[in-house]
Amino acid sequence: MCNNVFFINKKTFHSKRRYMLKQIKTKDGSMTGFSDKYDEYYHSVTGAREEAVKKYAEPCRIADLARCPGKIVILDFCFGMGYNSAAAIDSALEANPNCIIEITGLENDLDLLEGLQEINGPFRSYGLIKKAASELSIKEGNVAINLLPGDAAETVMSLTEFEFDVVFFDPFSPKRQPELWTEEIFTNIYVRMRDGGILATYSCARSVRDALRGAGFLVKDGPPVGRRGPSTLAIK
Ligand SMILES: C[S@@+](CC[C@H](N)C(=O)[O-])C[C@H]1O[C@@H](n2cnc3c(N)ncnc32)[C@H](O)[C@@H]1O
């Protein structure tokens, strides 16, 4: 009986609790979050904004695609705080304000998406990211964002009729989440990309690169931002 009362109170407390992402300032002055579950930061502590711009938007040639063909279809695999998508939107609209941008974001943490309302992401387009996090599907001007809640490994298989130009692959590390860095998942992404499409990821682990090659990608070094080792670009 006593246990039951305690359980009900505890449950009520948790359901009313407001989610607060633990945040820290990174070396470029932008904020990132910390995951207690995975014991890792959401971005590199050398610069969260810098990472989104230099490891994802720039090497995926977002500005070039915005100019020609003027339409970009992006898969944001592990959307998180939405920095990679925000960096891409800023870069694309700066290069061509009439560019069409379609983003599909995969994320399994609904509390995090709700918590984004309290975050001031360091991007001009962050208002769009927050709106998408609250409504899951938005279209404003030429920018459409669809967030699909659930396990990205499962959700990606439901994405029929997509030909992504660009994939931002950004789970927690292969050490913490080995189940997401598999050849099977990379194959499921590969078949949903157009020829010449680029997947960017921060990891240069040998196991990751082998899995990408196994899926059919051509693997290259990406820019070494904030550390000595390179990131990885995988080209279809
Ligand atoms: C390193 S953070 C991503 C940072 C993000 N790309 C950004 O720019 O802010 C990893 C994200 O993956 C999410 N995640 C972890 N496992 C997942 C899964 N199986 N399916 C979907 N999302 C997952 C976490 O909740 C977290 O938000």
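Whatever order the structure lists ligands and atoms in, that order sets their numbers, starting from 1. All residue numbers refer to positions in the sequence shown, counting from 1.
Only side-chain heavy atoms of H43 come within less than 4.0 Å of ligand 1; its backbone N, CA, C and O stay farther off. Within the 4.0 Å heavy-atom criterion, the part of Q177 lying near ligand 1 is the side chain and not the backbone. For L112, every heavy-atom contact with ligand 1 shorter than 4.0 Å involves the side chain, none the backbone.
The closest approach between any non-hydrogen atom of G150 and ligand 1 is below 4.0 Å. Residue contact annotation: A153 has no non-hydrogen atom under 4.0 Å from ligand 1.
The atoms of ligand 1 that sit less than 4.0 Å from any heavy atom of G82 are 7 (C), 9 (O). Every atom of ligand 1 with a heavy atom of N84 under 4.0 Å away is listed here by number and element: 6 (N), 8 (O). Atoms of ligand 1 lying under 4.0 Å from any heavy atom of D151, numbered from 1 in the order shown and given with element: 18 (C), 19 (N), 20 (N). Atoms of ligand 1 lying under 4.0 Å from any heavy atom of D109, numbered from 1 in the order shown and given with element: 25 (O). Residue A152 approaches ligand 1 through these ligand atoms, each under 4.0 Å from one of its heavy atoms: 18 (C), 20 (N), 21 (C).
Residue contacts with ligand 1: L180 is placed with no nitrogen or oxygen under 3.5 Å of a nitrogen or oxygen of the ligand (distance criterion only). In terms of polar-atom proximity, L106 is not counted as a contact of ligand 1, lacking any N or O under 3.5 Å from an N or O of the ligand. The N/O atoms of Y42, backbone and side chain alike, include none that comes under 3.5 Å of an N/O atom in ligand 1.
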Working note: N142 + N98, criterion side chain to side chain donor-acceptor pair (under 3.5 Å); need CA distance, chi angles, decisive distance, verdict.
CA-CA 7 Å; N142 292 335; N98 297 317; 4.8 Å; no

Test log, rule side chain to side chain donor-acceptor pair (under 3.5 Å), inputs E114 and S134
CA-CA 6 Å; E114 195 185 313; S134 124; over 6 Å; no

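Annotation: side chain of F79 is not in contact with side chain of L148 (no heavy-atom distance under 4.5 Å). Here the side chains of V45 and H43 are not in contact, with every heavy-atom distance at 4.5 Å or above.
The list of side chain to side chain donor-acceptor pair (under 3.5 Å) pairs with a residue in residues 180-208, not counting sequence neighbours, reads D165-R194.
Under a hydrophobic-cluster definition in which Ile, Leu, Val, Met, Phe, Trp and Tyr are linked whenever side-chain heavy atoms come within less than 4.5 Å, directly or via other members, I235 and F162 are assigned to different clusters. Grouping the Ile, Leu, Val, Met, Phe, Trp and Tyr side chains by contacts below 4.5 angstrom, directly or via other members, places I24 apart from L112.
Remark: minimum distance from atom 17 (C) of ligand 1 to any protein heavy atom is reached at N108 ND2, 3.2 Å. Protein heavy atom in closest approach to atom 3 (C) of ligand 1: D170 O, 3.2 Å. Shortest contact from atom 24 (C) of ligand 1 to any protein heavy atom: E107 OE2, 3.4 Å.
Considering each of F77, Y56, F79, Y83, the one bringing a non-hydrogen atom nearest atom 5 (C) of ligand 1 is F79.
In this structure a side-chain-to-backbone donor-acceptor pair under 3.5 Å is present from K130 to I119.
A salt bridge does not link K54 with E50: none of the charged nitrogens is closer than 4.0 Å to a carboxylate oxygen.
Put simply, OH on Y42 and SG on C78 are 10.0 Å apart, with the number rounded to the nearest 0.5 Å.
In terms of the ring pair (Phe, Tyr, Trp, His ring centres under 6.0 Å) criterion, residue partners of Y126 (sequence neighbours excluded) are, by chain and number, Y83.
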